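Contents: one structure, followed by commentary.
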Amino acid sequence: TMSLAGSSDLGKSYLLLQLGDAVITGATDFLGFALNVTHKSVIYLSTEDDEYSLSPRLINMAKNKTDLSGYENLRVIF
């Protein structure tokens, strides 16, 4: 279990989405820290964003990728 707290508009949500992206794509590290990814699965719980604000971020993260496999393992709860 993890919690990330801070004031508005610091990029907490985007940071966690990037971490989630690293996990579902099987990256071996994130920001210099080793990742030990077994299931390549993420549940992203958003208490502030909705699908309309989150969708552009996800599209932006995935737009330069040729392989989008793994994104089916990113589950978002609003």
Side-chain angles (χ1 to χ4, degrees):
T1 304
M2 182 182 87
S3 176
L4 180 64
S7 60
S8 298
D9 297 324
L10 288 177
K12 299 178 301 291
S13 298
Y14 198 64
L15 176 69
L16 291 176
L17 279 176
Q18 290 174 322
L19 174 59
D21 181 73
V23 169
I24 64 174
T25 57
T28 57
D29 67 274
F30 179 73
L31 297 178
F33 294 94
L35 292 178
N36 185 10
V37 178
T38 302
H39 300 288
K40 297 183 183 178
S41 182
V42 170
I43 299 173
Y44 182 87
L45 174 63
S46 177
T47 59
E48 294 180 357
D49 297 321
D50 59 14
E51 63 263 26
Y52 301 108
S53 60
L54 198 57
S55 291
R57 292 179 186 170
L58 289 170
I59 291 169
N60 188 44
M61 285 176 20
K63 72 179 178 184
N64 294 325
K65 297 185 180 198
T66 56
D67 182 12
L68 295 179
S69 62
Y71 277 87
E72 66 274 6
N73 293 331
L74 174 63
R75 290 174 300 281
V76 180
I77 299 172
F78 297 102

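Every value quoted in this text rests on a predicted model; they were computed, and no experiment measured them.
- For Glu72 (side chain) and Gly70 (main-chain N/O), a donor-acceptor pair under 3.5 Å exists by modelled atom type.
- By the neighbour-count criterion of 12 heavy atoms within 6.0 Å, atom CG of Leu4 is densely surrounded, having more than that number from other residues, nucleotides or ligands.
- Here the side chains of Leu19 and Val42 are not in contact, with every heavy-atom distance at 4.5 Å or above.
- Side-chain contacts under 4.5 Å among hydrophobic residues (ILVMFWY), followed directly or transitively, place Tyr52 with no other residue at all.
- Shown here are the side-chain hydrogen bond (donor to acceptor under 3.5 Å, both in side chains) partners of Asp50, two or more places apart in sequence or in another chain: Ser53.
- In the hydrophobic clustering of ILVMFWY residues, with side-chain heavy atoms under 4.5 Å counting as a link, Met61 and Leu31 come out together.
- Follow the hydrophobic side-chain contacts under 4.5 Å out from Leu17 and you never reach Leu10; the two are in separate clusters.
- Closest non-hydrogen pair, Ile24 versus Leu74, comes out as CD1-CB, 4.0 Å.
- In terms of the salt bridge (Lys or Arg N to Asp or Glu O under 4.0 Å) criterion, Lys12 has no residue partners (sequence neighbours excluded).
- Summarising the geometry of Asp49 relative to Ser13, their closest heavy-atom pair is OD2-OG, 3.4 Å, with the distance given to 0.1 Å.
- Annotation: side chain to side chain contact (heavy atoms under 4.5 Å, CB included) contacts of Asn64 (sequence neighbours excluded): none.
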Self-check item: Verdict with supporting geometry, Leu15 and Phe30, side-chain contact (heavy atoms from CB on, under 4.5 Å)
Solution: CA-CA 10 Å; Leu15 176 69; Phe30 179 73; 3.9 Å; yes
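- Using a 4.5 Å cut-off between side-chain heavy atoms of Ile, Leu, Val, Met, Phe, Trp and Tyr, with links allowed through other members, Leu45 and Leu16 fall into different hydrophobic clusters.
- Applying the side chain to side chain contact (heavy atoms under 4.5 Å, CB included) criterion to Leu68, with sequence neighbours excluded, gives Ala62, Lys65, Tyr71.
- Pairs engaging residues 24-48 under the side chain to side chain donor-acceptor pair (under 3.5 Å) rule: Ser41-Arg75 [sequence neighbours left out].
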